[in-house]
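Quick note on labels: first sequence line is chain A, next is B, and so on, each numbered from 1. Since this is a predicted model, take the numbers as computed values, not measurements.
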Amino acid sequence: MHNTLTGRRDPFEPIEPDHVRLYVCGPTVYDRAHIGNARPVVVFDVLTRLLRRLYPRVTYVRNITDVDDKINARAREAGEPIDAITARTIVHFHDDMSALGALPPDEEPRATRHIQDMQRLIARLIDRGHAYEAEGHVLFSVPSMPEYGRLSRRSRDDMIAGARVEVAPYKRDPADFVLWKPSDDTLPGWDSPWGRGRPGWHIECSAMSARYLGESFDIHGGGLDLVFPHHENEIAQSVCANGPGTFARVWMHNGYLMVNGEKMSKSLGNFLTVQDLLARAPGEAVRLGLLSTHYRQPLDWTDAGLDQARRTLDRFYAALGRVADVPADEAAPVPEGVLAALCDDLNTPRALTELHALVGALNKAETPEDQSRLKGRILAAGALLGLLGQDPAAWRAGDSADDADLAARVEERIQARKAARAARDFAAADAIRDALAAEGIVLEDGPGGTTWRRA
RNA sequence: GGCCGGAUGGCAGAGGGGUUAUGCAGCGGACUGCAAAUCCGCGUACGUCGGUUCGAGUCCGGCUCCGGCCUCCA
């Protein structure tokens, strides 16, 4: 796995040989998830599936940030209680990620349920001389940690030189960041030794990772944009509270996501929510689109790319549909090439190439034995990637599968065409096929009869 | 201004000193009443200029362009 901390690929060895612990930064719940939020969820879902295959026990923690000034602002604008916004957004998030085939994490801690843990951590940082109180705030003292900046490879001078915001007057050092800040009566707040207030953004991940995974754990993941300041600050808080050598061993960051070559932003109007995409394509196609590029590469999300992902699944499911009556070899292993690709820094594009080769082999396989063996392997590889779990017939029909009337009508047309063909009235047969094609229904004649799919 | 990435055939996208993926699209063929699907065949592409080397997409340096971070952000 590539480790942001070392800047290279290192062999992965868990701290406990038979228990892998990982933490991934989850959403701030104030709005619908966009495709950029979905990328790390899907990427780390594949990583978790892989780890579960390789190790007896995996604990995967992904937090929910439900106290944040963006949420407060949203509540104020909408005139809606914070709890209502966060509760609704969490439901949407779960629905959207589930549609993308992402399994739930083992723990999904919410910041508001761990305020005590955060306060204890802050108190410890103050005791150890790494934090100080000023005007109702508690600030982390960056100069107290000489190795601050290691993850993001920047010196304090760099950070100060690049500062674009005014430095709050109560900061002893311009790089210091907030652990706790005061809340007025209109804002959510909790009593604390430093007055009624709320936590800074970074402290929750330090507190909750320690609570569920211990002071040291194996992998910490998230988007590349979190490297600075969020992850850098998490490291500062955790290491200064718990001692040198603690906290995450391996840091994994997924690359940026762009839309049609541009940064996704509300002002550009190219903000794509998962919900939008699910209206246009099956969740599995969105997932495949995200996995078609290596996780550390920049990913340019386009309609053409989404179409291509859907066509790839058409090919895979068509191959599986052809052997629908052949039972898959239940004992089939995950193909060596697929496993090797994923074990090489989660190389999902190469794993998909292997899958294409297996599908080609299945298309050529002539004996039920070979078909069973290959089908089993393809499904095992698919399960590892979180793909190909559907019934091929359901995939072919797509949304039309929900429409029993349509299915019945298409069947009726297929029978009519069959009769026309038997009578060698090809003009009539082609007219039926063309009429269905105009509705987006494609007929395919095969040895076992005629099947249909949506175009 | 500081820092960090990226640039591969028509498109997407791996690889990473010598054998040059894979998919889509395209072309030719097999099969088919015709299609579709499937199968077979066809592609020396690595931003640019230098350097190292017997040999460089692959290593080193300069440059150009693109994106991002330095403030909330996956």
Are A:N363 and B:rC39 close enough that a side-chain N or O sits under 4.0 Å from OP1 or OP2?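 The answer is yes; a side-chain N or O of A:N363 sits under 4.0 Å from OP1 or OP2.
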Using whole Å, report how far [atom1] of [X] lies from [atom2] of [N].
| X | N | atom1 | atom2 | answer |
| --- | --- | --- | --- | --- |
| A:D96 | B:rA74 | CG | P | 15 Å |
| A:Q308 | B:rA12 | CD | P | 9 Å |
| A:D314 | B:rA36 | CG | P | 15 Å |
| A:E366 | B:rU38 | CD | C1' | 12 Å |
| A:F177 | B:rC72 | CZ | P | 11 Å |
| A:H231 | B:rC4 | NE2 | P | 19 Å |
| A:E204 | B:rC72 | CD | P | 14 Å |
| A:H2 | B:rG6 | NE2 | C1' | 14 Å |

Pairwise [atom1] distance for [N] and [M], with rounding to whole Å:
| N | M | atom1 | value |
| --- | --- | --- | --- |
| B:rG26 | B:rG5 | C1' | 34 Å |
| B:rG9 | B:rC46 | P | 8 Å |
| B:rU20 | B:rA56 | C1' | 13 Å |
| B:rC24 | B:rC60 | C1' | 36 Å |
| B:rG17 | B:rU58 | P | 11 Å |
| B:rU53 | B:rG13 | C1' | 30 Å |
| B:rU32 | B:rG18 | P | 45 Å |
| B:rC49 | B:rU44 | C1' | 22 Å |

Which nucleotide wins on minimum distance to the side chain of [X], given the candidates [options]?
| X | options | value |
| --- | --- | --- |
| A:T312 | B:rG15, B:rC72, B:rG23 | B:rG23 |
| A:P40 | B:rA35, B:rA74, B:rC39 | B:rA74 |
| A:Q297 | B:rA35, B:rU22, B:rA14 | B:rA14 |
| A:F228 | B:rU38, B:rA21, B:rC69 | B:rC69 |
| A:N347 | B:rG15, B:rG6, B:rA74 | B:rG15 |
| A:P349 | B:rG23, B:rA14, B:rA74 | B:rA14 |
| A:R315 | B:rA74, B:rG13, B:rC39 | B:rC39 |
| A:P229 | B:rA74, B:rC40, B:rC70 | B:rC70 |
| A:T293 | B:rA74, B:rC34, B:rA14 | B:rA14 |
| A:R322 | B:rA37, B:rC11, B:rG67 | B:rA37 |

What does [N] pair with, Watson-Crick or G-U, if both distances are under 3.5 Å?
| N | value |
| --- | --- |
| B:rG26 | B:rC42 |
| B:rA35 | none |
| B:rU20 | none |
| B:rA56 | none |
| B:rC65 | B:rG6 |

Could you tell me whether the side chain of A:S238 and the main chain of A:F247 form a donor-acceptor pair under 3.5 Å?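 Not confirmed, A:S238 side chain does not pair with A:F247 backbone.
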A:N254 side chain to A:Y295 main-chain N or O, any donor-acceptor pair under 3.5 Å? no
Heavy atom of residues 417-427 of chain A under 4.0 Å from RNA chain B: which residues?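 Heavy-atom contacts with RNA chain B come from A:R417, A:R421, A:F426.
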Determine, using ring centers only, whether A:H231 and A:W251 are less than 6.0 Å apart. yes
Can you find a pair of side-chain heavy atoms, one from A:L22 and one from A:H220, that are under 4.5 Å apart? no
Kindly assign one of parallel, tilted or perpendicular to the pair A:F228 and A:Y148, based on the angle between their ring planes and the thresholds 30° and 60°. perpendicular
Plane angle bin for A:H34 and A:F271 - parallel if under 30°, tilted between 30 and 60°, otherwise perpendicular: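 Perpendicular: the ring planes of A:F271 and A:H34 meet at over 60°.
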Is there a donor on the side chain of A:D225 or the base of B:rC70 sitting less than 3.5 Å from an acceptor on the other?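 No.
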Yes or no on salt bridge (Lys or Arg N to Asp or Glu O under 4.0 Å) for A:R249 and A:D218, after CA distance, side-chain angles and deciding distance? CA-CA 5 Å; A:R249 289 268 181 98; A:D218 298 299; 5.5 Å; no
For a quick check of understanding: with a heavy-atom distance under 4.0 Å over all strands, which category does [X] fall into, base, sugar-phosphate or nothing?
| X | result |
| --- | --- |
| A:R350 | sugar-phosphate |
| A:G305 | nothing |
| A:L352 | nothing |

Taking only Lys NZ, Arg NE, NH1 and NH2, and the carboxylate oxygens of Asp or Glu, determine whether A:K181 and A:D69 approach each other closer than 4.0 Å. yes
With a 4.0 Å cut-off, would you call A:R280 and A:D303 a salt bridge?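 Salt bridge: yes.
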Between A:S292 and A:V359, just flag the one whose closest nucleotide in RNA chain B comes earlier from the 5' side. A:S292
Want to settle it: does A:G360 or A:A429 sit nearer the 5' end of RNA chain B, counting the closest nucleotide to each?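 Its nucleotide being nearer the 5' end, the pick is A:A429.
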Within a reach of under 6.0 Å around CZ of A:R150, are more than 12 heavy atoms found that belong to other residues, nucleotides or ligands?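 No, CZ of A:R150 has 12 or fewer neighbouring heavy atoms, counting only those of other groups under 6.0 Å.
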Using the rule given for salt bridge (Lys or Arg N to Asp or Glu O under 4.0 Å), can you reason through A:R373 versus A:D370, listing the C-alpha separation, both sets of side-chain angles and the distance that settles it, and then say yes or no? CA-CA 5 Å; A:R373 183 177 54 84; A:D370 285 345; 3.7 Å; yes
